[in-house]
There are 2 protein chains.
Amino acid sequence: MAATIRDVARLAGVSQSSVSRALAAPDQVRAATRERVERAVAQLGYEPSRIARGLSTGRTGTLGFLVPDIANPLFAGIVKAAQRRSRDLGLAVLLADADEDPATELDLIRTLTKQVDGFVLCAPRAADEELRSVCGDLPVVLLNRRVGRLPAVIFDNADGVRQALAHLAALGHRRVAYVAGPRTSWVNRERQRAVRTGAAALGVDVVEPGNVSPDLEGGVAVADLVLAAGVTAVIAYNDMIALGLVSRFAVRGVTVPGDISIVGFDDIPAAALVSPALSTVSQPQDRCGRAGVDLLADLLDDRPTGRARAGGPRASLPTRLIVRASTGPARHP
Amino acid sequence: MAATIRDVARLAGVSQSSVSRALAAPDQVRAATRERVERAVAQLGYEPSRIARGLSTGRTGTLGFLVPDIANPLFAGIVKAAQRRSRDLGLAVLLADADEDPATELDLIRTLTKQVDGFVLCAPRAADEELRSVCGDLPVVLLNRRVGRLPAVIFDNADGVRQALAHLAALGHRRVAYVAGPRTSWVNRERQRAVRTGAAALGVDVVEPGNVSPDLEGGVAVADLVLAAGVTAVIAYNDMIALGLVSRFAVRGVTVPGDISIVGFDDIPAAALVSPALSTVSQPQDRCGRAGVDLLADLLDDRPTGRARAGGPRASLPTRLIVRASTGPARHP
DNA sequence: TTGAAAGCGATACCAG
DNA sequence: CTGGTATCGCTTTCAA
């Protein structure tokens with residue numbers, strides 16, 4: 001059996017209270033006492049039980065981290081960064097993978113809500129009101145999503161889209177497709193809107209073959225529609241879809257970028273590997289994950305905004321177009 | 001403030017004990033009582049506090065899941081499967097990413113050990129004895145690793161290697177490289193050994209350019225050594241390394257599989273996407289993740305072996321070679 | 001500066 | 001079948 005605070009107290013010849021204090025507020029304890037406690041702690045290899053502590057403090061030292069799909073490299077990268085930061089802050093991470101399903105998501109939040117101090121919701125798919133109500137007054141930080149005035153870390157999607165469109169327009173493309181991601185994705189709606197307004201401003205026609213799942217299958221499934229639309233370039237909701245397109249295009253004998261140019265989003269590792277390499281709008285995953293955790297930690301410690309640490313409670317992170325294979329349309333060399 | 005068991009008891013006009021029973025063992029309570037309790041529960045939206053329960057039962061309803069690197073698609077896939085299974089079993093998952101570092105790993109286990117009922121350690125990098133001692137007598141299930149007689153789920157690495165070697169030998173390769181992964185990886189050692197003995201049996205020469213990190217960078221870094229070794233084929237510790245090789249080979253003007261054939265391990269999604277597509281030994285990630293959680297759940301519930309559910313406490317999952325681009329050596333058409 | 005004692009929210013044993 | 005009560009391990013007043 002692991003040692004408890006009582007064992008330490010007994011061994012050190014002091015009360016439990018003193019042990020507790022010696023550990024939590026060392027300066028409220030005489031040096032001599034503190035030392036005896038520390039010795040006892042070391043000798044017994046004592047480590048306080050987090051759950052027992054949780055019971056009395058009402059805090060668990062754990063944060064809930066929700067993602068739509070941990071197999072998506074973007075989210076894996078964000079989780080990794082968040083994980084590291086949490087560790088540094090002494091927080092544990094309860095991971096929840098919602099499988100891209102809004103209902104599962106709400107379910108997970110509901111069941112986890114009792115065991116965490118707060119949530120980082122990465123790109124949640126559920127509706128605004130449902131998210132609000134399910135979170136109650138638990139501290140929440142959103143990533144890749146905006147809901148009212150809740151603290152959030154987002155990428156500058158509009159600017160990313162602008163860069164992508166400007167790039168394609170400069171190459172001479174006049175008719176591009178936007179392959180939309182999940183209807184439930186706030187980011188998708190943002191990009192969609194940005195594509196529409198941005199394209200109009202540049203005098204570029206936009207075709208939208210519809211919404212697909214944000215993975216390889218989604219891209220493969222929609223590829224033929226894209227071809228049928230007679231566009232010379234396509235902007236995909238994310239790199240997974242883009243790679244799915246590449247793959248299906250190859251099967252159809254359509255060359256990239258010769259016959260059609262593609263721009264994705266996220267700059268996942270695989271994007272640089274396919275050949276020709278994928279042009280993509282890169283997003284700083286680590287800053288995102290880190291900022292999310294920082295923001296939540298601030299909330300937990302009651303630091304109202306956390307401006308100092310995370311660059312504002314509603315940080316917008318810059319995105320950057322990475323040009324790899326894209327070229328102008330074939331008929332316009 | 002959320003409702004407690006006391007509130008429910010008061011509202012239902014029964015004792016706390018009865019409420020507790022009505023929820024945990026409904027058949028030990030008169031129907032009438034049970035109904036009153038249920039009504040009260042519904043009315044108050046009561047949900048028992050997991051941590052309070054944890055204090056008295058000594059169980060947290062949470063399992064610790066440790067991976068070397070969540071950004072590695074293999075592990076992401078395994079985590080996803082484990083996650084789903086855990087959810088079905090009513091367990092929460094505390095994720096820990098050790099960043100491929102043995103020390104971090106032990107640290108994480110130590111700090112998390114108090115808040116979980118058991119651990120699933122996926123491909124842990126720490127040494128046998130350290131793992132044993134750090135886990136104490138917490139239930140532990142290993143994935144991709146064998147330590148003494150601890151319950152484990154592993155892939156049949158030897159057979160995977162055998163398939164890969166047989167394939168290459170049949171194509172006419174007589175000199176192949178094995179690009180090793182982390183020295184700390186048990187799986188790597190298994191594969192390495194299998195390559196050595198297997199190649200000897202087939203009369204194939206093996207060159208080993210050394211250990212690299214199991215990611216793209218690792219593959220890129222070692223690519224030139226591989227070329228210098230004058231081999232016609234290479235088996236890589238995993239797909240990430242293999243893809244790194246492909247990428248660097250392209251830069252060097254070496255064509256795959258024309259000049260050199262590559263076989264990886266894991267069959268991560270990206271493997272099928274690069275062109276030419278990567279031949280690889282596929283591992284059933286979902287079965288692995290699921291079996292790991294099942295095994296641990298059995299341990300927690302004191303079902304001694306869990307044979308029924310997971311195919312044995314030390315399941316060995318089949319691997320399967322997926323042939324994509326590999327061909328025979330150029331000089332041997 | 002220290003110790004005693006009252007919770008925190010549930011479970012589980014023991015009478016009745 | 002039900003209620004009272006000790007208990008889990010720690011934090012936090014409140015006195016001393």
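Lettering of chains follows the sequences in order, A, B, ..., and the numbering in each one begins at 1.
When each of B:Val29 and B:Leu55 is assigned the nucleotide of DNA chain D bearing its nearest heavy atom, the one mapping closer to the 5' terminus is B:Val29. In terms of position on DNA chain C, the residue among B:Glu47 and A:Gln28 whose nearest nucleotide sits closer to the 5' end is A:Gln28.
For DNA chain D, the neighbouring residues in residues 8-20 of chain B, judged by any heavy atom under 4.0 Å, are B:Val14, B:Ser15, B:Ser17, B:Ser18.
Rounded to a whole Å, the CD atom of A:Gln115 is 16 Å from the P atom of C:dG9. The separation between A:Ile51 atom CD1 and C:dC8 atom C1' is 12 Å, rounded to whole Å. What separates CZ of B:Arg59 from P of D:dG9 is a distance of 16 Å, to the nearest Å. With rounding to whole Å, B:Arg50 atom CZ is found 18 Å from D:dC8 atom C1'. Spacing between atom CZ of A:Arg34 and atom P of C:dT1 amounts to 10 Å, rounded to whole angstrom units. We find that CD1 of B:Ile5 is positioned 14 Å from C1' of D:dG4, with the value rounded to whole Å.
Two residues are said to be in side-chain contact when any heavy atoms from C-beta on lie closer than 4.5 Å; A:Ile78 and A:Leu74 meet this criterion. Looking only at side-chain heavy atoms (C-beta outward), A:Val93 and A:Thr62 stay at 4.5 Å or farther from each other. Between B:Leu63 and B:Leu94, the closest side-chain pair of non-hydrogen atoms is not below 4.5 Å.
For the residue pair B:Thr104 / B:Asp101, a side-chain donor-acceptor distance below 3.5 Å is found, with atom types taken as modelled.
In this model, the phosphate group of D:dT11 is approached by a side-chain N or O of A:Arg53 to a distance below 4.0 Å at OP1 or OP2. Taking 4.0 angstrom as the limit, A:Arg21 places none of its side-chain polar atoms (N or O) nearer than this to OP1 or OP2 of C:dT2.
Here A:Arg6 lies in heavy-atom contact (under 4.0 Å) with sugar-phosphate atoms only.
A salt bridge links B:Asp128 with B:Arg145: the distance from a Lys NZ or Arg NE/NH1/NH2 to an Asp or Glu carboxylate oxygen falls below 4.0 Å.
Shown here is A:Arg110, whose CZ atom has more than 12 heavy atoms of other residues, nucleotides or ligands within 6.0 Å.
Rounded to 10 degrees, the angle separating the terminal axes of the helix from C:dT1-D:dA16 to C:dG16-D:dC1 is 40°, with each axis obtained from five end pairs.
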Determine all donor-acceptor pairs shorter than 3.5 Å in which one atom belongs to a side chain in residues 131-142 of chain B; sequence neighbours excluded.
{"unit_1": "B:Ser133", "atom_1": "OG", "unit_2": "B:Glu130", "atom_2": "O", "d": "3.2"}

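The shortest non-hydrogen separation linking B:Phe65 to B:Leu143 is CZ-CD2, 3.9 Å.
Judged purely by atom type and a 3.5 angstrom limit, A:Glu105 uses its side chain to pair as donor or acceptor with the backbone of A:Ala126.
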